[in-house]
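Lettering follows sequence order; numbering is per chain, from 1. Only heavy atoms go into these numbers, but all of them, side chains included; no hydrogens, no water, no symmetry mates. As the structure is a computational prediction, the values presented were derived from the model and not from experiment.
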Protein chains: 2
Amino acid sequence: MRTTFKDVKSDILAKIMLGEWAPGALLPNEVDLAETYGCARATVNRAMRELADDGIVERRRKAGTRVRSAPIRQARFDIPVVRDEIERGNAEYRYALVSRTVERAPDWLRAQLSLEPDTRAIHLTCMHYADGAPYQYEDRWINLDVLPAAENADFTAIGPNEWLVATIPFSNAEISFSASLADDRLAEYLGCPAGQPLFTIERSTWWETRAITFVRLYFRPGHRMTTKY
Amino acid sequence: MRTTFKDVKSDILAKIMLGEWAPGALLPNEVDLAETYGCARATVNRAMRELADDGIVERRRKAGTRVRSAPIRQARFDIPVVRDEIERGNAEYRYALVSRTVERAPDWLRAQLSLEPDTRAIHLTCMHYADGAPYQYEDRWINLDVLPAAENADFTAIGPNEWLVATIPFSNAEISFSASLADDRLAEYLGCPAGQPLFTIERSTWWETRAITFVRLYFRPGHRMTTKY
DNA sequence: CAGTGGTCTAGACCACTGA
DNA sequence: CAGTGGTCTAGACCACTGT
């Protein structure tokens, strides 16, 4: 059997894991490795590139490839789409619009999304339920200058996230995780005592340079996001 | 200038973003695309493979490449190494050991890590400071059956995370984000009022099938993890 | 069984950067 | 300026899987 890039990758990874190549060590260059493994340089390159993507090694032209001393460990999280998330848990999903207003973007939002003064925005708050129990409280702003159609959308029928996904793509986004405290309003909607800690996600999305939406998602108490890596 | 895989990738991405290829649409095969772009098939392949990795398209042999209808949006987070995290913020890092005991692994930990009964573990609690201010409270367990050396390590001098990184690699890990409430003890160490919401990370790591360590990290109030994607 | 993506090869040229 | 990784090419064979 031919040597595949996966063979090369796992062999190199094993050598690193077993300490044969210690953190900080310089690995042989691609030409030498290709000879060692009896394969083409492109094969070694693919293996090494993936190891670099995985944060295991660090590559620099001329300087060569080194084992990262403090491996940059990264985790990938699926960005939750609340309906899918709930239905994956075999629970019944229900959505409800709580409030809807159209207003000028408040200052903090203008700062968050770099909006022009006097930008109009639609402000929505919604609830998402799993098997009838409160699951997530959503507090969302949509930029009406970019998406005037949002003013006429029927958000009593469809959640703003689903509407947005179906309506407009986005080119980049920023997401942030934190912890919030349930105030009286949140506690009431989420059916929990005030003062509970709530896992919170904030997300801003842009199309090119134009801000589309900002959303803050408060999860019911005890929620956690988990991933393996 | 030659056509690079980045050219191809961004052109295809643009076509998808602009709606030229709608969600669910079948893209031309690699041979045709290579002809269209006037490049080798390997170049198209690299571009398409990256788009698939990014969750933009879905590829299946024989069936071809389609635009994902619900793009799998993923975010990558760097797993924080607390010293680096603090020093990247141009703050001075300080570490202190709070407590150290050796005991039999409690039941919840045995369950969490799938440990044998009577496994011995070392239990450490530590503080991490940024410019003298409390930054993170660390509550860690290390499996002494796998890492007996931990019993003799001097954790007053070096943080357990740094010691572990330098001592043993790990093959896989599970990480989980949530929100906790500051109890009196945490509040005292973190220098905040009790009842504050704290962003919390839990991580379990294994070497092959053997559990190495479990750690719970409580961040000071207001902490957030952010990434762009 | 035929079409599509997955991968390898051998060679080439280029871009970056450390010495 | 020389060594290393980054990328492209043209061609080949293979693996999977829908029809």
Side-chain angles (χ1 to χ4, degrees), chain A residues 1-16 20-69 71-72 74 76, chain B residues 1-16 20-69 71-72 74 76:
Chain A
M1 157 109 182
R2 238 177 198 170
T3 305
T4 72
F5 78 90
K6 286 181 183 173
D7 296 334
V8 177
K9 183 179 176 183
S10 67
D11 188 74
I12 292 178
L13 190 56
K15 282 197 167 66
I16 292 174
E20 194 157 331
W21 285 324
L26 182 66
L27 271 54
N29 68 33
E30 296 191 347
V31 176
D32 291 349
L33 283 172
E35 195 172 349
T36 304
Y37 289 109
C39 65
R41 195 192 129 210
T43 305
V44 173
N45 181 271
R46 171 94 188 259
M48 300 290 266
R49 187 153 36 78
E50 294 205 353
L51 286 171
D53 283 347
D54 294 347
I56 309 293
V57 302
E58 189 174 7
R59 321 196 72 192
R60 263 155 50 223
R61 286 162 148 121
K62 164 78 180 178
T65 302
R66 290 179 180 280
V67 180
R68 288 200 108 100
S69 37
I72 291 190
Q74 296 183 320
R76 292 180 80 143
Chain B
M1 156 109 182
R2 236 176 201 173
T3 305
T4 72
F5 78 92
K6 285 180 184 174
D7 296 334
V8 177
K9 183 179 176 183
S10 68
D11 187 74
I12 292 177
L13 190 56
K15 282 197 166 68
I16 291 174
E20 193 157 331
W21 285 322
L26 183 65
L27 271 53
N29 67 34
E30 295 190 347
V31 176
D32 291 350
L33 283 172
E35 195 171 348
T36 305
Y37 288 110
C39 65
R41 180 168 77 102
T43 305
V44 173
N45 180 272
R46 169 95 189 258
M48 299 290 265
R49 187 152 36 79
E50 294 204 354
L51 287 171
D53 283 347
D54 294 347
I56 308 293
V57 301
E58 191 174 6
R59 319 195 76 192
R60 265 156 48 221
R61 287 163 147 121
K62 165 79 181 178
T65 302
R66 290 178 180 282
V67 180
R68 289 200 108 100
S69 37
I72 292 189
Q74 297 183 318
R76 292 180 81 147

(request) Taking only the side-chain heavy atoms of B:R61 (C-beta and beyond), determine which of C:dT7, D:dA15, C:dC8 contains the nearest atom. (result) D:dA15
(request) Drop me the distance from A:R41's CZ to A:N29's CG, to the nearest 0.5 angstrom. (result) 8.5 Å
(request) Could you tell me the separation between the CG atom of A:N29 and the C1' atom of D:dA2, rounded to a whole number of Å? (result) 13 Å
(request) Mark yes or no for whether B:D54, through its side chain, and B:I56, through its backbone, hold a donor-acceptor pair below 3.5 Å. (result) no
(request) Mark yes or no for a side-chain to base donor-acceptor pair under 3.5 Å between B:R41 and C:dT7, with no hydrogen or angle criteria applied. (result) yes
(request) Kindly say if B:T3 contacts the phosphate of D:dC8, meaning a side-chain N or O under 4.0 Å from OP1 or OP2. (result) no
(request) Side-chain contact test, heavy atoms from C-beta onward, threshold under 4.5 Å: evaluate it for A:T43 versus A:R2 and give yes or no. (result) no
(request) Measure from NZ on B:K62 to P on D:dT19 and round the result to the nearest Å. (result) 7 Å
(request) Side chain of A:R59 only, please: which of D:dG5, C:dT7, D:dC8 is the nearest? (result) D:dG5
(message) What is the separation between atom NZ on B:K6 and atom C1' on D:dG6, rounded to the nearest whole Å?
(response) 9 Å
(message) One thing to verify: whether A:D11 and A:K15 come together as a salt bridge, which I'm taking to mean a side-chain N less than 4.0 angstrom from a carboxylate O.
(response) yes
(message) Applying the side chain to side chain donor-acceptor pair (under 3.5 Å) criterion to A:T65, which one of A:R59, A:E30, A:R60, A:E58 satisfies it?
(response) A:R59
(request) Figure out the OH/P separation between B:Y37 and D:dA10, and round it to whole Å. (result) 18 Å
(message) Quick check for you: among C:dC8, D:dG18, D:dT7, whose closest atom lies nearest to any side-chain atom of B:F5?
(response) D:dT7
(message) Expressed as a whole number of angstroms, how long is the span from A:D32:CG to D:dG3:P?
(response) 12 Å
(request) May I have the distance from B:N45 (atom CG) to C:dT9 (atom P), rounded to whole angstrom? (result) 15 Å
(request) Return no unless some side-chain N or O of A:T43 is found under 4.0 Å from OP1 or OP2 of C:dT9. (result) yes
(message) Applying the Watson-Crick and G-U wobble criteria at under 3.5 Å, what pairs with C:dG18? Answer none if nothing qualifies.
(response) D:dC1
(request) Check whether any side-chain nitrogen or oxygen of B:R46 sits under 4.0 Å from OP1 or OP2 of D:dT7, and answer yes or no. (result) yes
(message) Go nucleotide by nucleotide along DNA chain D from the 5' end; which of A:E30 and A:A42 gets its closest nucleotide reached first?
(response) A:E30
(request) Would you kindly give the CZ-to-P distance between A:R49 and C:dT7, to the nearest whole Å? (result) 11 Å
(message) Given C:dA2, C:dG5, C:dC8, identify the nucleotide with an atom nearest to the side chain of B:T65.
(response) C:dG5
(request) Let me know the distance between CZ of A:R2 and P of C:dT7, rounded to the nearest Å. (result) 13 Å
(request) Give none if C:dC8 has no partner; otherwise give the nucleotide forming a Watson-Crick or G-U wobble pair with it, both distances under 3.5 Å. (result) D:dG11
(message) Need to verify one output field. Residue with the more 5' nearest nucleotide on DNA chain C, A:R60 or A:G38?
(response) A:G38
